[in-house]
There are 2 protein chains.
Amino acid sequence: MNSRVRELRQARGLSQEALARAVGVSRQTINAIETGRYDPSLRLAVHLARHFDSTVEEMFDVDAH
Amino acid sequence: MNSRVRELRQARGLSQEALARAVGVSRQTINAIETGRYDPSLRLAVHLARHFDSTVEEMFDVDAH
DNA sequence: CGGTGATGTCAAGCGGGCTTTACGTCAAGT
DNA sequence: ACTTGACGTAAAGCCCGCTTGACATCACCG
């Protein structure tokens with residue numbers, strides 16, 4: 001699933017680790033989502049969207065691939 | 001996780017089975033989500049929100065419980 | 001050159017999301 | 001009384017989301 005996590009994270013100058021701590025998951029989880037290795041849970045997706053003042057629909061492209 | 005799936009489904013006069021078919025999952029999955037036994041995946045949550053012309057954030061209360 | 005931060009990825013393990021199959025209950029209608 | 005539809009739930013099994021721990025690479029900087 002494509003997402004704008006990396007784009008938004010970098011736009012704010014955050015490391016994967018800093019974002020991971022901010023949303024309560026491990027650094028590897030953020031990396032896996034950014035590299036498309038797996039999709040976040042609904043809960044994590046909402047937390048990520050909130051963190052970037054966005055919405056789930058705007059941040060995650062459920063239709064890609 | 002609380003959701004408005006049951007409320008919206010009933011408002012449209014759909015059975016769990018009809019909704020399940022519409023969003024591409026089993027009837028048991030819809031039932032489990034409505035009864036709070038587990039949370040939908042991000043993909044399914046988006047499909048459900050779309051089906052009801054709503055948004056993920058409006059349909060699912062990630063903070064409940 | 002040596003150290004540090006950021007990133008990518010792997011492996012093992014746990015629990016959860018979803019499936020199929022299968023029951024049981026209840027309401028409504030004939 | 002019987003059937004039918006809708007719902008609730010259980011069990012077994014598969015795959016995925018997430019964890020910790022570990023290792024490698026690369027850029028940058030003293």
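Numbered from 1 within each chain, the chains take letters A, B, ... in sequence-line order. Computed from a predicted structure; not experimentally measured.
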**Student:** Using a strict cut-off of less than 4.0 Å between a Lys/Arg side-chain nitrogen and an Asp/Glu carboxylate oxygen, indicate whether R9(B) and E34(B) qualify as a salt bridge.
**Tutor:**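 Salt bridge: yes.
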**Student:** So where does chain A start and stop touching DNA chain C, 5' to 3', when the test is distance under 4.0 Å to a non-hydrogen atom?
**Tutor:**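 Answer, 5' to 3': dT7(C) to dC10(C).
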**Student:** Would you name the heavy atoms of M59(A) and A49(A) that are closest together and state the gap between them?
**Tutor:**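 Distance-wise, the nearest heavy atoms are SD-CA, 3.4 Å.
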**Student:** Are the charged groups of D63(A) and R43(B) less than 4.0 angstrom apart, N to O?
**Tutor:**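 No, this pair does not count.
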**Student:** Contact boundaries of DNA chain D with chain A (under 4.0 Å, heavy atoms), 5' to 3'?
**Tutor:**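 In short, chain A contacts DNA chain D from dG17(D) to dA22(D).
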**Student:** Minimum heavy-atom separation for E57(A) and S54(B), please, with both atom names.
**Tutor:**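 For E57(A) versus S54(B), the nearest heavy atoms are OE2-O, 4.4 Å.
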**Student:** Over all strands shown, is S41(A) touching base, sugar-phosphate only, or nothing at heavy-atom distances under 4.0 angstrom?
**Tutor:**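 Since only primed, P, OP1 and OP2 atoms lie under 4.0 Å of S41(A), the category is sugar-phosphate.
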**Student:** Could you report the tightest heavy-atom contact between H47(A) and V62(B), atom names first, then the distance?
**Tutor:**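 Looking at all heavy atoms of both residues, the closest pair is CE1-CG1, 3.9 Å.
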**Student:** State, to 0.1 Å, how close P40(A) and I33(A) come at their nearest heavy-atom pair, and which atoms those are.
**Tutor:**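 Closest approach of P40(A) to I33(A): CB-CD1, 3.6 Å.
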**Student:** More 5' along DNA chain C: S15(A) or L44(B), using each one's nearest nucleotide?
**Tutor:**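 Whichever sits nearer the 5' end wins; that is S15(A).
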**Student:** In terms of the nearest nucleotide of DNA chain C, which residue is placed more toward the 5' end: R27(B) or L42(B)?
**Tutor:**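 Per heavy-atom nearest nucleotide, the more 5' residue is L42(B).
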**Student:** Are any non-hydrogen side-chain atoms of I30(B) and V25(B) less than 4.5 angstrom apart?
**Tutor:**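 When only atoms from C-beta onward are counted, V25(B) and I30(B) do touch, with a gap below 4.5 Å.
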**Student:** For a quick test of reading the model, state the closest non-hydrogen atom pair linking S3(B) to F60(B) and the distance between them.
**Tutor:**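 The answer is CB-CD2, 3.5 Å.
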